[in-house]
Amino acid sequence: MAKKTFPTRRKILTGMAAVGAASALPDITRFAHAGTGGAPIKIGFQVHRTGIGAAYGRWYERTTMAATKVINDAGGINGRPVEIVAEDDGTDPKRGAEVLEKFANQHGCDIAYGTLFSHVVIGSAPRAAELKMPYFVVSEGHHVASGMLNRYTLQPGITDVKSQVQAMAPFVASNLGKKVTMIFPDFAFGHNHRDFFSAAIEAQGGEVVAKLAIPPTETSFTKYFPQIPRETEVIYHVMVGPSVLTFVKEMGEFFGPSAPQIFGFIDSLEAVDFATPGLEFLEGTHFWEGMPRYAQADQTEYDKFYRAQVGVDKNGAAVEDPTNVSTYAHMFGCWETLYVIKQGMEAAGYAGPKDRTKLIEAVEAITDMPESNEHPQGAKLFNGKTHQVFGPQYISKVVGGKLVVQHTTSLEDGFYPDEVDYTTQSF
Amino acid sequence: MEFGPHLMLAMLEGLVQASVLTLTALGLSLVFGVMRVVNVAHGEFFMLGAVLAWWVTTMLGGNPAVGFVIALVVAPLLVGLMAAAADWLVLRRVEYDPERTIVATIGLLYIIQQVTLMTYGPDAHPVTPPFNTRLAMPWYEFTDAGFQIYWPWGLSITSYKLFVIAAAIVTCLGLWLLMARSKIGLILRATQLDSETAQAFGIPVERVFALVFGMGAALAALGAVLVVPIQQAHYLMGGDPLLLSFIVVIIGGLGSLRGTVVAAVLIGMSDGIISVFFTPTLAKMLATLLVAMVLVYRPQGLFGAKPA
């Protein structure tokens, strides 16, 4: 008996489903011609929507969208609108590199931008160089200026940790104490703090008496605190990840009424409300802020403008939800970086991916960035050789549950000798 | 810190951790003991408990103590119902086949985690403890002046952490009474011993399985509600409890509730003490090493029955 050769009903259905699925795929070829003529300039935005960096990611995205809207309302860049192509990297270095590939090969982005967490930057930057894609990070890490990365990676919107802590150490040594115990997250960003603050406080005649490295995924902290030596005069804390609030609360419970001086990086409480129960002990302690979260008495018109555009109230929270506290001390970096990209693209006459190296050269040529709506955090100086910007830093004290600026460092406080000259590297 | 107060603090921290771990691991052990199901989604039920506790306390607002007490009842109940539904809809359909249930519970793990991410979001949220007073503790020393009491720096616990320890002890006693003294306990033990014979004697094994799966998840959720005022609710928080629960259950003997309690206290305390004196990484390494030793030299666990 001859076998029937007709396809079964199930096979037909499967085949139809496959054809349907294929036609539903995005048309990849249409991205191939992007980046010319009046088409938008595509900026691939590597954003920490999930993972341990999610709170920062949410606000980096909001700031980026606000800046893009202001830029586009004013006519875009070189007469072309800016389009942000956001992709979640899960705050994961491996995924970060994959996201850069998506930007280059699938979305046809002109540049990549926006990464914060240092391990994602370090994991992604080599891929950016291989893809010959300019990569503008907003990370604070010293890895850009240290020469560890490459000519395609730039950090023109936020000061690096080495410069921040060097500018801050004199205040700590002369106002708070000289024997410091450091508590920091155990990855590249925390190691920057450990290495550069130790050196900076020693230069001030102080010393670091203990160093507590804590994994950024840790959820319980009391067990680390007994390593704090009794002679400690100042606790220097910087913590990241979803458990920062637990960290600060448990620190308060550990010390009780007999705490030493406490100097924290606001990272330990970014996106956290100071009115949260358990944080009362922070009254009178000091924090570093990249940009003051609470609108100060001498608030500049630039800060007013920036706050209004991003939708942040005078307490640093979202205007529509006062419990949604921003990462105000960091996210200005996104705003300012986008304006540096705009300035660079205009100077280079950027028309498409073939001009990527011209864009990098144009950004390397930038030096002074005056305080303005484009640079609301303060006047800055960009070092084209090290691809790193230098800005003012703010030291604030908790007074009545709000951060009040006590001291603003000068740019010179944060200068250090160049460790690399990327401009001598070939593209 | 001097040795004495340091050890005291380490033991207190270890006890808090052991309390939560005991509840979580008991849930896992119960499910394995009765159903012979390795529930990889157990950590996600823990996480759901924490997230629901946040949700309940935030919805109610007002006095944190009232919200917390309601969460203590509502969150484990809801998680238990969800788990029972998952058992009814998924595990029963794969006939509790060991390999397939592992794959099915891995699927559950991702579904629960991603749905939480999509609804609750990627941020950690705190739950205000119902009460939280810092209790400084005295220590003694012998000086030239003789015996003296003093208050060492950092030696303290909070009233809430003491409550967590007490609540865990009460729950364990309750579970023991349920298993040893009630009719439900008798049915559970009969099903654990031999489910086919139990069915032959008219025990509705399928319903018992759904109940047990729900109870196991509810225990994890209860542990999470207790811990969430100390830590915070976060969609990725289920990983560590799952790993530690497996370690505890393997050391204690799969399915042995008594072994689970002993192993949880052992692991929790040693984790606390080793983390304080050395590093948390070393604590995890030693626990894992202990699991390897148990698997090599005593595969049935410390309290497990030898396979016939």
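Among all heavy-atom pairs drawn from B:Leu9 and A:Pro226, the shortest one is CD2-CG, 3.3 Å. Of all the heavy atoms in B:Ser156 and A:Phe254, the pair that sits closest is OG-O, 4.2 Å. Of all heavy-atom pairs spanning B:Ala124 and A:Pro242, the tightest one is CB-O, 3.1 Å.
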Open item on the list: For a side chain to side chain contact (heavy atoms under 4.5 Å, CB included) check, start with the C-alpha distance between B:Asp271 and A:Lys223, then their side-chain angles and the critical distance, and finish with the verdict.
Closed with: CA-CA 10 Å; B:Asp271 194 76; A:Lys223 56 195 177 198; 4.3 Å; yes

TODO: Take B:Ile230 and A:Glu253, measure what side chain to side chain contact (heavy atoms under 4.5 Å, CB included) needs, and give me the verdict at the end.
DONE: CA-CA 11 Å; B:Ile230 302 175; A:Glu253 281 162 10; over 6 Å; no

TODO: Might you work through the side chain to side chain contact (heavy atoms under 4.5 Å, CB included) test for A:Ser220 and B:Gln17, ending with a clear yes or no?
DONE: CA-CA 9 Å; A:Ser220 132; B:Gln17 198 175 345; 5.5 Å; no

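Note that CG of B:Leu236 is 8.0 Å distant from OG1 of A:Thr50, once rounded to the nearest 0.5 Å. Here the CG-CZ distance, from B:Leu117 to A:Arg49, works out to 11.0 Å after rounding to the nearest 0.5 Å.
Interface summary for chain A: among B:His125, B:Gln231, B:His234, the most heavy-atom pairs under 4.5 angstrom belong to B:Gln231. No other option in A:Ala213, A:Pro257, A:Gly256, A:Ser243 has as many heavy-atom pairs under 4.5 Å with chain B as A:Gly256.
Side chain of A:Arg58 to backbone of B:Asp123: no donor-acceptor contact under 3.5 angstrom is found. For the pair B:Tyr235 (side chain) and A:Gly51 (backbone), a donor-acceptor distance under 3.5 Å is present.
Under 3.5 Å, the side chains of A:Thr246 and B:Gln232 contain a donor-acceptor pair of N or O atoms.
For A:Lys402, the NZ atom is loosely surrounded, since the number of other residues' heavy atoms within 6.0 Å does not exceed 12. Residue B:Phe278 places its CZ atom among 12 or fewer non-hydrogen atoms of other residues, nucleotides or ligands, all under 6.0 Å distant. Heavy-atom contacts from other residues, nucleotides or ligands closer than 6.0 Å to CE of B:Met11 number 12 or fewer.
Both the backbone and the side chain of A:Phe255 come within less than 4.5 Å of a heavy atom of chain B.
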